[in-house]
2 protein chains.
Amino acid sequence: MKNRLKVLRAERDWSQAELAGRLDVSRQAVNAIETGKHDPSLPLAFRIARLFDMRIEEIFDDEL
Amino acid sequence: MKNRLKVLRAERDWSQAELAGRLDVSRQAVNAIETGKHDPSLPLAFRIARLFDMRIEEIFDDEL
DNA sequence: TGACTATGTCAAGATGACCTGACTTTGTGT
DNA sequence: ACACAAAGTCAGGTCATCTTGACATAGTCA
């Protein structure tokens, strides 16, 4: 699953640790999602979308 | 996480087994999601949304 | 009654999504 | 060169999301 987290984070000039804090997950969890090692759970995907005020489908892309 | 799967399925007159087949998951997985035992993975949530031609947020609701 | 379907549930097991803690690598700035 | 911050990675653990197979219950229908 591709995602735009790294770009959204860069636009806000947040570190992975800062994003992790805002999402209430570990820094390693953010890193693993950004680097494509895992997909977030659905509840975490909701928190991410809410944080950036976007729809899940605007941040994550599971086609291709 | 609440969801509208049971209603969407009823509107189409599909059994849990039929929905499971369309989503390529087990019947028990569909049952567990409908009865609130689990949340779907994000990839499965995408497949569900695509099947019903809706956004994930229109089917699943994690607030409250 | 007996057969069939749909639903709900359980057990056991594989794999995925998280955790903490530790360490390395990379880039920046003094 | 040195220090520091950010990012990446690993190990070992827990719990969640799936699997298959089995079984119980309720409803429908010949």
Side-chain angles (χ1 to χ4, degrees):
Chain A
M1 175 99 60
K2 290 174 11 183
N3 70 74
R4 307 206 324 118
L5 269 191
K6 188 170 184 167
V7 170
L8 293 169
R9 192 167 58 74
E11 285 170 357
R12 288 156 183 81
D13 198 25
W14 291 344
S15 66
Q16 290 182 349
E18 171 141 13
L19 175 57
R22 291 176 185 267
L23 292 171
D24 196 30
V25 293
S26 68
R27 180 181 70 79
Q28 290 87 338
V30 167
N31 186 82
I33 293 166
E34 279 196 8
T35 58
K37 291 195 178 59
H38 343 290
D39 298 324
S41 66
L42 186 57
L44 178 52
F46 268 87
R47 275 182 270 149
I48 293 168
R50 211 174 288 116
L51 178 61
F52 292 112
D53 194 26
M54 295 173 77
R55 293 194 294 263
I56 290 172
E57 290 87 346
E58 293 176 309
I59 300 175
F60 297 93
D61 179 10
D62 89 324
E63 306 190 28
L64 301 188
Chain B
M1 174 100 58
K2 290 174 13 183
N3 70 73
R4 309 210 316 121
L5 268 192
K6 188 169 184 168
V7 170
L8 294 169
R9 191 167 60 74
E11 285 170 356
R12 287 156 183 79
D13 198 25
W14 291 344
S15 66
Q16 290 182 349
E18 172 141 15
L19 175 57
R22 290 175 186 266
L23 293 170
D24 196 28
V25 293
S26 67
R27 180 181 69 80
Q28 289 87 339
V30 167
N31 187 83
I33 293 166
E34 279 195 7
T35 58
K37 292 197 176 57
H38 313 309
D39 297 324
S41 66
L42 186 57
L44 178 52
F46 267 88
R47 275 183 271 147
I48 292 168
R50 209 174 293 114
L51 178 61
F52 291 113
D53 195 26
M54 295 173 78
R55 294 195 293 263
I56 289 171
E57 290 88 345
E58 293 176 309
I59 301 175
F60 297 94
D61 178 9
D62 89 325
E63 305 189 30
L64 300 189

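The sequence lines fix the lettering, A, B, ..., with proteins before strands; numbering per chain opens at 1.
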Query - Out of D:dG8, D:dT19, C:dG21, whichever nucleotide has its closest atom nearest the side chain of A:Q28 - result: C:dG21
Query raised in the report: Within this structure, what is the CD-to-P distance between B:Q16 and D:dC18, rounded to whole angstrom?
Result: 15 Å
**Report entry** Distance test, side-chain N/O of B:N31 to OP1/OP2 of C:dG8, below 4.0 Å
**Finding:** yes
Query raised in the report: Would a 4.5 Å heavy-atom cut-off, applied to side chains only, mark B:F60 and B:I48 as touching?
Result: yes
Report summary line: Looking only at D:dC18, D:dG8, C:dC18, the nucleotide nearest the B:P40 side chain is D:dC18
Report summary line: Heavy-atom nearest pair, B:A45 first then A:L42, reads CB-CD1, 3.9 Å
Report task. Flag the pair A:E18 / A:R12 as yes when at least one side-chain heavy-atom distance between them is below 4.5 Å, and no otherwise. Result -> no
Query raised in the report: Would you call A:R50 and B:E63 a salt bridge, taking side-chain N to carboxylate O under 4.0 Å as the test?
Result: yes
Report summary line: Quick note, B:R27 side chain, CB onward, closest among D:dA7, C:dA17, C:dT9 is C:dT9
Requested in this report: Compare side-chain N and O positions of A:S41 against OP1 and OP2 of C:dC18 and report whether any pair is under 4.0 Å apart.
Outcome: yes
Report task. Look at the side chain of A:D62 and the backbone N and O of B:F46, then say whether any donor-acceptor pair between them is shorter than 3.5 Å. Result -> no
Report task. Identify which nucleotide among D:dC18, C:dC19, C:dG8 has an atom closest to any side-chain atom of B:A29, counting heavy atoms from C-beta outward. Result -> D:dC18
Requested in this report: Using a 4.0 Å heavy-atom cut-off across all strands, classify B:S26 as base, sugar-phosphate, or nothing.
Outcome: base
Query - C:dT5 OP1/OP2 closer than 4.0 Å to side-chain N/O of B:S15 - result: no
Query raised in the report: Between C:dT9 and B:K37, is there an OP1 or OP2 to side-chain N/O distance shorter than 4.0 Å?
Result: yes
**Report entry** Length of the CG-C1' vector between B:L19 and C:dA6, whole Å
**Finding:** 13 Å
Requested in this report: Go through D:dT17, C:dG8, C:dC19 for me and flag the one nearest to the A:V25 side chain.
Outcome: C:dC19
Query - Non-hydrogen side-chain atoms of A:L19 and A:Q16 separated by less than 4.5 Å - result: no
Requested in this report: Please state how far atom CH2 in A:W14 lies from atom P in D:dA7, giving the value in whole angstrom units.
Outcome: 13 Å
**Report entry** Among C:dG8, C:dA6, D:dC18, the one nearest B:T35 by side-chain distance
**Finding:** C:dG8
Query raised in the report: For B:H38 and D:dT19, what is the distance between atoms NE2 and C1' respectively, to the nearest whole Å?
Result: 10 Å
**Report entry** side-chain N/O B:R9 vs C:dT7 OP1/OP2, d < 4.0 Å
**Finding:** yes
Report summary line: Overall bend of the helix from C:dT1-D:dA30 to C:dT30-D:dA1 (five pairs an end, 10° steps) is 30°
Query raised in the report: Can you tell if the side chain of A:E58 reaches within under 4.5 Å of the side chain of A:F52, non-hydrogen atoms only?
Result: no
Report task. Using whole Å, report how far CG of B:D24 lies from P of D:dT19. Result -> 8 Å
Query - Atom pair distance, as rounded to whole Å: CD in A:E34 and P in D:dA7 - result: 7 Å
Query - Value in whole Å for how far the P atom of D:dC15 lies from CG of A:L44 - result: 19 Å
Query raised in the report: Which heavy atom in B:A49 sits nearest to a heavy atom in B:I59, and how many Å separate them?
Result: CA-CD1, 3.7 Å
Query raised in the report: NZ of B:K6 versus C1' of C:dT7: gap in Å, rounded?
Result: 9 Å
